[in-house]
There are 4 protein chains.
Amino acid sequence: MTKPQNSLSKRDEIIEVASKLFYEQGYHCTGIQQIIQEAGAAKGTFYSHFKSKEELGIAWLKARHATWNHWLLQFINPKKTPKSKIVGIFDFLGQWMQDANFRGCAFLNTMCETPDCENALRLEISNHKRELFELFRALTAEHHATKTKIEQEQIATTLFILFEGTLIQLQNFQDLSFLQVAKKQVTALL
Amino acid sequence: MTKPQNSLSKRDEIIEVASKLFYEQGYHCTGIQQIIQEAGAAKGTFYSHFKSKEELGIAWLKARHATWNHWLLQFINPKKTPKSKIVGIFDFLGQWMQDANFRGCAFLNTMCETPDCENALRLEISNHKRELFELFRALTAEHHATKTKIEQEQIATTLFILFEGTLIQLQNFQDLSFLQVAKKQVTALL
Amino acid sequence: MTKPQNSLSKRDEIIEVASKLFYEQGYHCTGIQQIIQEAGAAKGTFYSHFKSKEELGIAWLKARHATWNHWLLQFINPKKTPKSKIVGIFDFLGQWMQDANFRGCAFLNTMCETPDCENALRLEISNHKRELFELFRALTAEHHATKTKIEQEQIATTLFILFEGTLIQLQNFQDLSFLQVAKKQVTALL
Amino acid sequence: MTKPQNSLSKRDEIIEVASKLFYEQGYHCTGIQQIIQEAGAAKGTFYSHFKSKEELGIAWLKARHATWNHWLLQFINPKKTPKSKIVGIFDFLGQWMQDANFRGCAFLNTMCETPDCENALRLEISNHKRELFELFRALTAEHHATKTKIEQEQIATTLFILFEGTLIQLQNFQDLSFLQVAKKQVTALL
DNA sequence: AATGAATGAGCCTTCATTCAT
DNA sequence: CATGAATGAAGGCTCATTCAT
């Protein structure tokens with residue numbers, strides 16, 4: 001007897017449930033108990049797969065990183081020019097936040113509840129944001145190919161900051177007008 | 001016999017200790033027990049002053065709002081022009097984050113660990129940010145007095161977004177170069 | 001309303017129950033859960049009185065030390081001479097072990113399950129045994145007043161070793177003949 | 001293909017690791033998990049060799065009995081006379097305790113954490129001690145060949161008690177002077 | 001002979017809150 | 001205005017054991 005193809009392993013089920021709960025309720029406000037209960041697993045099963053809650057948290061953020069990047073790239077890859085891709089990132093932001101009920105970014109949320117910079121979760125968080133930053137850098141370099149490295153860096157960083165600032169205030173106010181303003185500023189930079 | 005002037009009431013002592021701990025450790029990760037212990041108060045004393053942890057949280061954010069605004073205004077009020085005041089807000093941001101060991105903004109941090117938008121803490125948070133936003137609006141209106149309301153709004157919002165985006169990435173990366181980029185963009189807008 | 005005189009405080013009830021269970025089942029094999037359940041207390045109540053299981057363990061050993069010493073002194077104080085007191089200690093040993101179902105000595109038992117010599121419980125244990133040793137020393141000095149300090153020390157130590165060795169083998173074999181042999185040797189030393 | 005001679009079977013590896021851990025940490029404080037992890041075995045492997053933790057405990061004590069007896073006999077067999085062998089047993093005690101960091105006797109330790117006299121582990125323990133007792137009996141009979149059986153028994157038992165009492169107090173106080181006293185008393189008995 | 005996922009009771013401890021004094 | 005004992009659910013984690021492969 002082989003497992004049915006569409007059945008997840010217990011480990012994956014746990015990660016899936018945890019992803020939902022960590023995002024919706026926050027990392028610290030979500031207990032292992034709730035996770036395993038909703039995943040239909042036993043305590044021992046959980047700890048045979050993850051040596052601690054933190055390890056699950058890391059698995060969650062790694063998975064989230066992959067998923068989120070996939071969403072974003074699927075959204076912007078159809079665009080032809082680097083410029084439209086950059087603008088597309090901000091369009092994606094609006095779409096994403098609406099779909100997510102303005103819960104914000106799993107990575108920023110977790111950073112905010114994790115003061116210790118040396119914490120392993122923080123490493124995943126900064127990696128995630130660094131990769132987004134790199135995307136802005138790459139697209140900016142392509143779009144502003146004639147400008148100097150320094151000018152490119154200034155613009156890419158500004159785009160990244162605008163993205164993050166808009167994101168956090170969409171979460172705060174659930175008001176999409178922030179996005180309109182940001183997009184206007186973005187086009188001004190391109 | 002009146003209390004000596006320099007002695008805080010138990011209530012104020014509790015708020016003071018809570019402010020430190022909520023900010024440093026996060027709201028949810030800080031327990032009432034630790035607060036009253038460090039404040040030298042009894043359980044019952046705490047609950048005679050605050051009907052719940054949330055009420056203390058609100059008192060904290062209200063006090064924090066006043067304190068933070070005071071810091072900011074003391075920093076920018078000596079500046080003469082609205083332009084230098086706006087730039088001053090970003091200088092303040094750098095100073096503040098360094099002093100705070102890059103722990104970020106108490107309000108954003110608490111928002112990130114509080115998913116429910118209807119939560120009473122969230123009201124204090126949006127009030128705080130709205131007031132900062134208003135400050136950008138007022139200073140922009142003064143500086144760009146000749147521009148239209150719509151143009152002013154665009155610029156003020158952009159400044160606010162830049163502030164928030166820089167703040168959150170200073171917290172994430174502890175790298176002040178984000179601030180340099182933001183300031184360059186700010187001056188470009190003025 | 002004052003408490004009835006014969007009612008123990010929750011704290012004392014916990015210690016009393018713990019004393020029974022720690023002795024009968026061993027320190028590590030007895031859980032806080034069982035203790036509070038049998039004492040009719042809540043988890044939180046326990047931890048408002050003791051900051052950890054270890055602290056309860058120490059309270060237990062301190063109380064046990066007092067109780068056991070009281071038992072012993074009540075048994076040997078009626079005896080007139082130091083010699084009969086020393087022999088009395090060994091009579092007490094037999095009585096005690098029979099009453100205790102040959103469960104042995106709470107202090108030795110706990111020492112054996114606590115490898116770390118720096119452990120706080122180990123301090124209580126060595127204090128307890130040191131005091132018993134002192135008793136042998138004092139009674140020996142009185143009985144053998146004409147002998148040298150060195151000779152006295154040799155005899156007192158031997159008596160202490162005989163006591164401990166007999167105790168542990170009574171526990172092991174539940175065979176009182178060890179005690180008869182020890183007593184014969186004891187009298188030979190006096 | 002046969003296994004290389006110097007490779008232990010999984011079963012023996014498990015026993016070897018368990019021996020170390022049970023002795024150092026105590027029987028109840030050592031979990032199956034740690035044992036199999038340090039032995040590089042799987043859960044199922046463990047339970048295919050031992051039907052329970054207790055069975056491993058028994059295997060451990062049986063192996064320990066053989067090992068310890070081997071140590072002791074190797075130490076005293078070179079001695080020529082029964083008297084020097086008896087004294088040698090006490091010299092061995094000092095050597096052993098120093099090598100073992102004064103962790104005491106695996107058998108006594110396990111007895112102390114195992115209240116139930118009917119427990120299978122307790123059988124191994126009393127067997128071990130009985131055999132040591134027999135050794136004292138045999139050597140005493142040889143040395144005091146002219147004395148009566150009853151006198152021999154009295155002396156052998158005293159020697160055994162002295163050994164056990166010294167052992168337990170070496171463990172308690174890590175103070176070798178107990179051993180000096182015991183040896184003086186031993187020689188007085190021979 | 002060996003694997004390792006799965007179980008669920010139990011470990012020690014902290015949580016926010018209530019209440020009699 | 002203050003005290004601190006009492007509550008019981010929940011926190012993260014380990015336990016010895018089973019079983020399908």
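Here is the naming used below: chain letters follow the sequence lines, and residue numbers restart at 1 for every chain. Below, each value reflects all heavy atoms present in this structure, side chains not excepted, and no hydrogens, waters or symmetry copies.
Taken residue by residue, residues 43-50 of chain B places heavy atoms nearer than 4.0 Å to DNA chain F at Lys43(B), Gly44(B), Thr45(B), His49(B). A heavy atom closer than 4.0 Å to some atom of DNA chain E occurs in no member of residues 25-41 of chain D.
When the side chain to side chain donor-acceptor pair (under 3.5 Å) test is applied to Glu13(A), no partner is found at least two apart in sequence or on another chain. Taking the salt bridge (charged side-chain N to carboxylate O under 4.0 Å, His left out) definition, one finds that Glu55(B) meets it with Lys51(B), sequence neighbours left out. Every residue two or more places apart in sequence or in another chain that forms a salt bridge (charged side-chain N to carboxylate O under 4.0 Å, His left out) with Glu24(C) is listed here: Lys20(C). Checked against salt bridge (charged side-chain N to carboxylate O under 4.0 Å, His left out), Lys129(D) has the following partners two or more places apart in sequence or in another chain: Glu164(D). Checked against salt bridge (charged side-chain N to carboxylate O under 4.0 Å, His left out), Glu124(D) has the following partners two or more places apart in sequence or in another chain: Lys62(D). Here Glu38(B) pairs with Gln34(B) under the side chain to side chain donor-acceptor pair (under 3.5 Å) rule; sequence neighbours left out. Under the side chain to side chain donor-acceptor pair (under 3.5 Å) criterion, Thr30(B) pairs with Gln25(B), sequence neighbours left out. Applying the side chain to side chain donor-acceptor pair (under 3.5 Å) rule to Gln33(C) yields the partners Lys43(C); only residues at least two apart in sequence or on another chain are considered.
Remark: Lys10(A) is not in phosphate contact with dA5(E), judged by side-chain N or O atoms under 4.0 Å from OP1 or OP2.
What separates CG of Leu56(D) from P of dT17(F) is a distance of 10 Å, to the nearest Å. Distance, Glu55(B) CD to dT18(E) P: 12 Å, rounded to whole Å. To the nearest angstrom, C1' of dA2(E) lies 13 Å from CD of Glu13(D). As a whole-Å value, the separation of Ile14(A) CD1 from dA5(E) C1' is 10 Å.
One distance of note links CE of Met111(D) with CG of Asn172(C); it measures 5.0 Å at 0.5 Å rounding.
When the C1' atoms of four end pairs are superposed on the next four at each end of the helix from dA2(E)-dT21(F) to dT21(E)-dA2(F), using five pairs per end, the two resulting axes differ in direction by 10°, to 10°.
Between Arg11(B) and Lys51(A), it is Arg11(B) whose nearest contact on DNA chain F lies nearer the 5' terminus.
Contact record, Ala41(D) with Lys10(D): CB-CD, 3.8 Å, taken as the closest heavy-atom pair.
Contacts classified as ring pair (Phe, Tyr, Trp, His ring centres under 6.0 Å) and involving residues 105-124 of chain A (residues at least two apart or in different chains) are given here: Phe107(A)-His128(A).
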